[in-house]
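Following: one structure in structure tokens, then a few remarks.
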There are 2 protein chains.
Amino acid sequence: MKLSTRTRYGVRLMVVLARNYGKGPVYLKDIANEEEISEKYLSQIIIPLRGIGLVTSSRGAYGGYVLSKPASEIRLREIVEVVEGDCLVDCVKNPSFCSRAETCATRDVWDLLGEKISETLDSITLDQLLEMDKEKHKKPFRKDKKK
Amino acid sequence: MKLSTRTRYGVRLMVVLARNYGKGPVYLKDIANEEEISEKYLSQIIIPLRGIGLVTSSRGAYGGYVLSKPASEIRLREIVEVVEGDCLVDCVKNPSFCSRAETCATRDVWDLLGEKISETLDSITLDQLLEMDKEKHKKPFRKDKKK
DNA sequence: TATATTTACTACCAATTTACTAGTGATTAA
DNA sequence: TTAATCACTAGTAAATTGGTAGTAAATATA
């Protein structure tokens, strides 16, 4: 059970957009440089995020991407679900995947586990993540403060 | 984020062993037939389960596998962890996987998510799963009860 | 002891998925 | 008009998944 780079990159991408919210569109190229991720790859990952209306794009010179709404109104669950795409186990959503689905107790466990994962991701908003990020990037205290 | 068939099969395998606890060793062949899973594949999946002492094997005629302890003392987390093998995101356990690990807020999120998954699986014992399974296989009520 | 039956171990493999790269076209500010 | 950006499609090498195949080792029973 591995989280794909798509999802990890997708979330990092959204954190950058959150950090720049209100400052106009951000170039994918800049995000790619900042996060050291291939721009082309990011351009694929951002498609579904635009698709569900989490980000808005503008083309042409001085184009770029912006969050469609404040980071406080975006939950990690939305991002992960749409970028990751699939669910833990197919038979949970689609019982016809397995003839045993109706009488399978393990299926109920995977259903529950999927719910817990969703709950956890739903409890975290993008701006909480941004705050955590800011906190982590604070310089440690020094007597001789740098400008 | 998909759960592998290995893990799903591994848990089903353990449920069968739980169902037969106290009745002597169970042939892998019988488990394979009952669960409609390749015997050879199951024989690979069961190796790590034996490795951490969850099941005990005996070779030769009338050999087979038994649970090493009551199902009430076995938690799903143990089964899934050892069969699945990997963690959600490499950098959580091994920060050297990513140079950004120390200042990466998303990493903390994946760490938390991994913890929640572990907690959920740790809250379910194999005999609870067995009880759920039994419940699901109860025949629905009929006036003309079958023998 | 011979034999049938079981697990143990190693090697291999096809199909799928992942994690990209490449190129072309559409759009737009200046 | 042009430079810069996103949009879309196609391809692809490497890794992973989900197995199969075969042989060896162990053991209960006749």
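Letters A, B, ... mirror the listed sequences (proteins, then strands); counts begin at 1.
- For the side-chain contact (heavy atoms from CB on, under 4.5 Å) with B:T106, the qualifying choice from A:R12, A:R8, A:M132, A:M14 is A:R12, the only one to do so.
- OP1 or OP2 of D:dA7 has at least one side-chain nitrogen or oxygen of A:R50 nearer than 4.0 Å.
- In this structure, B:N20 contributes its side chain and B:V66 its backbone to no donor-acceptor pair below 3.5 Å.
- When the C1' atom of D:dT9 is taken as reference, atom CD1 of A:I47 falls 10 Å away, rounded to whole Å.
- Between the P atom of C:dT7 and the CG atom of B:L28 lies a distance of 5 Å, rounded to the nearest Å.
- Shown for residues 29-45 of chain A: residues whose heavy atoms fall under 4.0 angstrom of DNA chain C, namely A:S38, A:K40, A:Y41, A:Q44.
- In this entry the distance linking OH of B:Y27 with P of C:dT5 reads 10 Å, nearest Å.
- With hydrogens and angles ignored, the 3.5 Å screen pairs a side-chain donor or acceptor of B:K2 with a backbone N or O of A:C87.
- Applying the 4.0 Å criterion to OP1 and OP2 of D:dA7, one finds that A:Y65 has a side-chain N or O inside that range.
- Rounded to whole Å, atom P of D:dC6 lies 11 Å from atom CG of A:L13.
- Side-chain atoms of A:V11 and A:L129, non-hydrogen and from C-beta on, do get closer than 4.5 Å to each other.
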* To do: Produce a footprint string for nucleotides 24-30 of chain D: one letter per nucleotide, 5' end first; B if the base is under 4.0 Å from any protein heavy atom, S if only the sugar-phosphate is, - if neither.
  => -SBBSS-
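- Computed from coordinates, the A:L3 CG to C:dA19 C1' distance equals 14 Å when rounded to whole Å.
- Taking all atoms of both residues into account, the shortest heavy-atom contact from A:L17 to A:Y65 is CD2-O, 3.6 Å.
- Residue B:S57 has its side chain nearest to C:dT7 when only D:dG18, C:dT7, D:dT5 are considered.
- Within the 4.5 Å cutoff, the side chain of A:E131 has no heavy atoms near those of the A:Q128 side chain.
- For the pair B:M1 CE and C:dT18 P, the interatomic distance rounds to 12 Å; values are reported in whole Å.
- Side chains of A:S72 and A:T125: a donor-acceptor N/O pair is absent below 3.5 angstrom, by distance only.
- As a whole-Å value, the separation of A:K2 NZ from D:dT16 P is 9 Å.
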